[in-house]
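Please read these numbers as outputs of a predicted model, since none were measured by experiment. We name chains A, B, ... by the order of the sequence lines, and we start the count at 1 in each one.
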Amino acid sequence: MENKVLADIFYEIADFLDIEPTKSSKFEIMAYKKAGLTIETLQEPIEDIYKKYGKKGLMSLPGIGSGLADKIEEFIKTGKIKKYNEFKKKYPIDLRQLTNIEGIGARKAILLYKKLGIRNIADLKRSIEQNKISKLQNFGPKSQDSIKRSIELLEKSKGRILLGVALPLAEQIVEQLKKSNLTDKIEISGSIRRMRETIGDIDILAVSNQSKKLMDFFSELNDVENIIVKGETKTTVWLKAGISCDLRVVKNKSFASALQYFTGNKEHNINIREIAISKNLKLNEYGLFDNKNKFIYCSNENDIYEKLGMQYMPPEMREDRGEIKLAQSHKIPKLVELKDLKGDLHVHTDDSDGENSLEEMAAAAQNNKLEYIAITNHTKSLKIANGLDEKRFSNLFERIDKLNQKIQESANKLILLKSAEVDILKNGTLDLDKKTLDQMDCVIGAVHSYFKMEKNEMTSRIIKAIESSNINILAHPTGRLINERPGYLLDIEKIFEACEKNNVILEINSFPNRLDLNDTNILLASKYNVMFSIDTDSHRAEHLKFLKYGTGTARRGWLAKEKIINSKSLDQLKQIFKK
DNA sequence: GCCGTTTTCGGCCCGACTGTTTTCAGTCG
């Protein structure tokens, strides 16, 4: 059973509840939505949790109490939920699909069903063509038009886009807004600031005393396809890139609280606000207020958290995963920063499937002020990537030696490490002979074939490689590609355990569609005494810049630089690899 | 529906924007 299926049912129940509001349904709706989110973002099948720990296990999940645990149990046992089926019988419509349309919520969807029998988007499109929506009470020509546009956008939208796409896009928009000279302060907020792996929309926050002009400037940018809403403090546009972008303008004195508010996430903010209330304060996007509604000036976010009795919290941690308690007891770790990273241990060249030569990658690394990079080309069985055999590796290592010598004469010191991204074959053995592996400074092991193995088989396969004492780093441990394919079936905690025992380092692959390990797996792995390596998996010189995405992911996993091997000097690193 | 360092009842975040109203409901984040 997929968690998403159950999560969607909970979301839909929440929508159904919204149709006939009662005094308490507002909160029941919130409960279903919160539980839906919990289930959707769970890292293991909810069925497994139920099998292992029963109803109690379900109830230990945030937002799931006795009532909803019963519903989950019912679903696992019978494949359905009575309450949901009753709603479905009364309103046989595709509510999830319809409410996906911007501007249509549950109540409008039901209204459309009752008046026009609309059950899904296809029905809705037909009614728009026949000009029926605009004649409905409470709707008008503008509503019909906006629904029509929303459907078009939905059909074009690719859903959440990669952080690696959204961040550069947001930076480029911010640059243009800065150049307008209409803003005094401007920051990217929202999920980009939290460095989430995928982004649903771009949020930008600005201070301006020419708000109207700024909004005009923003909505007329070249990147904009059309305007969704436009006001003096909030404007939303649809970008040609296929994502929406919000610009919000606040007064200077509200900037800190607005930045806190719009960075989120929502659950984190709700908790923070509740803490404010418990201290007889009120926090909203305009500021912090005392019980007489008197404004309390905060010059930055640090000020706000401090006045609430907490330690400052890096944006990447604000996901309501226990960070608030940590901040209250002043135990927020000092997270790794991009500038802490001294090297990159996963870099390809055109010897296998990279696009740049050894020399070009070395030059790029020097430009990026890296002290060392490991040249990790693919091995022979990965034919599609032009993997190297023992003989070609031997030749490559001679070239690396020569280039290292040459570089030592230049100003920007850099050491190239002899390495490989060795294939972990189907039976768990490595794709190179021991003699060749022994010549390397370090070895990365990775799975690139037979993804569809059974869970136990795949777990043993990888553990065999970890125990071989021939690899130092396990690359992209789960093999997932964001928005493309899930990871292979794996008992991930057994992998972490094996890494701890055998001193094998876990990679945090920074490639934007990998980010593997991801934040939740890093948090899980942190229960074990393991180290991590933030690597780019560069296949081109520009890819070396991806370190920032891996760093963001590590920060989302609460990692301090002490846990990151490539924050260490080369000498320290070699000590670690010797083990 | 959930939840608890004011615990088993009584709270539960809150403001912006829009369209169609003529004072507000619905939607969104």
Side-chain angles (χ1 to χ4, degrees), chain A residues 10-11 13-19 21-38 58-72 81 83 98-112 133-147 149-150 189-191 200-203 205 211 215 227-236 244-250 254 257-258 260-287 289 309 320 325 328-329:
Chain A
F10 276 17
Y11 290 137
I13 291 176
D15 279 341
F16 278 127
L17 286 168
D18 200 24
I19 295 163
T22 62
K23 243 184 183 171
S24 66
S25 67
K26 192 171 131 198
F27 303 107
E28 199 180 343
I29 291 165
M30 275 167 56
Y32 272 97
K33 282 186 181 165
K34 184 167 186 206
L37 187 69
T38 295
L58 299 176
M59 285 175 68
S60 71
L61 301 170
I64 291 171
S66 175
L68 289 179
D70 284 341
K71 298 240 172 357
I72 297 168
I81 292 177
K83 186 179 178 116
L98 288 168
T99 53
N100 247 339
I101 300 166
E102 177 104 16
I104 292 193
R107 296 181 198 181
K108 279 190 184 167
I110 292 302
L111 203 69
L112 291 169
I133 307 289
S134 62
K135 298 197 175 77
L136 284 180
Q137 204 180 7
N138 294 323
F139 287 79
K142 278 194 174 173
S143 294
Q144 175 169 297
D145 232 41
S146 121
I147 291 171
R149 268 209 329 257
S150 295
S189 57
S191 50
D201 57 7
I202 295 173
D203 286 306
L205 178 69
S211 166
M215 291 310 196
I227 300 166
I228 297 171
V229 294
K230 189 174 168 200
E232 289 218 14
T233 66
K234 176 189 168 179
T235 294
T236 304
S244 65
C245 180
D246 271 17
L247 175 62
R248 294 169 200 260
V249 175
V250 295
S254 298
S257 51
Q260 196 284 325
Y261 180 85
F262 290 119
T263 298
N265 77 359
K266 194 174 158 186
E267 308 302 324
H268 173 92
N269 283 353
I270 288 173
N271 274 327
I272 295 292
R273 286 179 167 210
E274 280 171 359
I275 288 168
I277 291 167
S278 76
K279 291 188 180 302
N280 255 325
L281 300 167
K282 188 180 86 175
L283 180 68
N284 58 32
E285 60 262 55
Y286 299 107
F289 301 87
D320 191 29
K325 280 216 168 100
Q328 286 177 316
S329 49

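- Rounded to a whole Å, the CG atom of A:L112 is 13 Å from the C1' atom of B:dG26.
- Residue A:S146 places none of its side-chain N or O atoms closer than 4.0 Å to OP1 or OP2 of B:dG19.
- Nucleotide B:dG26 is matched to B:dC17 when pairs are restricted to Watson-Crick or G-U wobble geometry with both distances under 3.5 angstrom.
- Separating the CG atom of A:L136 from the C1' atom of B:dT21 is a distance of 16 Å, rounded to the nearest angstrom.
- Summarising the local packing, NZ of A:K71 is surrounded by more than 12 heavy atoms from other residues, nucleotides or ligands at distances under 6.0 Å.
- The residue A:Y286 sits close only to the backbone: its heavy atoms come under 4.0 Å of sugar-phosphate atoms, none of a base.
- Going from atom CD of A:E274 over to atom P of B:dC12 covers 8 Å, rounded to whole Å.
- Within 4.0 Å (heavy atoms only), A:R107 reaches sugar-phosphate atoms of the nucleic acid but no base atom.
- Of all heavy-atom pairs between A:L283 and A:S257, the closest is CD1-CB, 4.3 Å.
- Here A:Y261 does not reach the OP1 or OP2 of B:dA16: none of its side-chain N or O atoms lies under 4.0 Å away.
- Of all heavy-atom pairs between A:S191 and A:G200, the closest is OG-N, 4.5 Å.
- Nearest heavy atom pair, residue A:D15 against residue A:A106, reads O-CB, 3.2 Å.
- The residue A:E232 sits close only to the backbone: its heavy atoms come under 4.0 Å of sugar-phosphate atoms, none of a base.
- Here A:K266 lies in heavy-atom contact (under 4.0 Å) with a base.
- Residue A:I29 is classed as having no contact, given no heavy-atom separation below 4.0 Å to the nucleic acid.
- Whole-Å rounding puts the A:K108 NZ to B:dT18 C1' distance at 8 Å.
- Residues A:G67 and A:I270 both approach DNA chain B. Their nearest nucleotides, taken by heavy-atom distance, put A:G67 toward the 5′ side.
- In this entry the distance linking CD1 of A:I101 with C1' of B:dC28 reads 15 Å, nearest Å.
- Looking at heavy-atom distances under 4.0 Å, A:K33 makes no contact with the nucleic acid at all.
- Separating the CZ atom of A:F10 from the P atom of B:dC2 is a distance of 9 Å, rounded to the nearest angstrom.
- As a whole-Å value, the separation of A:K142 NZ from B:dG26 C1' is 17 Å.
- Contacts of A:I64 with the nucleic acid, taken as non-hydrogen atoms under 4.0 Å apart, involve only primed sugar atoms and P, OP1 or OP2.
- The distance from the CG atom of A:L247 to the CD1 atom of A:I202 is 11.5 Å, given to the nearest 0.5 Å.
- When distances run from any side-chain atom of A:T233 to the nucleotides B:dC17, B:dG1, B:dG15, the shortest one goes to B:dC17.
- In this structure, A:R248 places its CZ atom 10 Å from P of B:dA16, rounding to the nearest Å.
- Within the 4.0 Å cut-off from OP1 or OP2 of B:dC13, not a single side-chain nitrogen or oxygen of A:K282 is found.
- Proximity of A:K71 to the phosphate of B:dG1: a side-chain N or O atom is located under 4.0 Å from OP1 or OP2.
- A 4.5 Å side-chain heavy-atom check between A:L112 and A:I104 finds at least one atom pair inside the cut-off.
- Regarding contacts with the backbone of B:dT20, a side-chain N or O of A:S143 is found under 4.0 angstrom from either OP1 or OP2.
- For B:dT7, the glycosidic angle deviates from 0 by 90° or less, giving a syn base.
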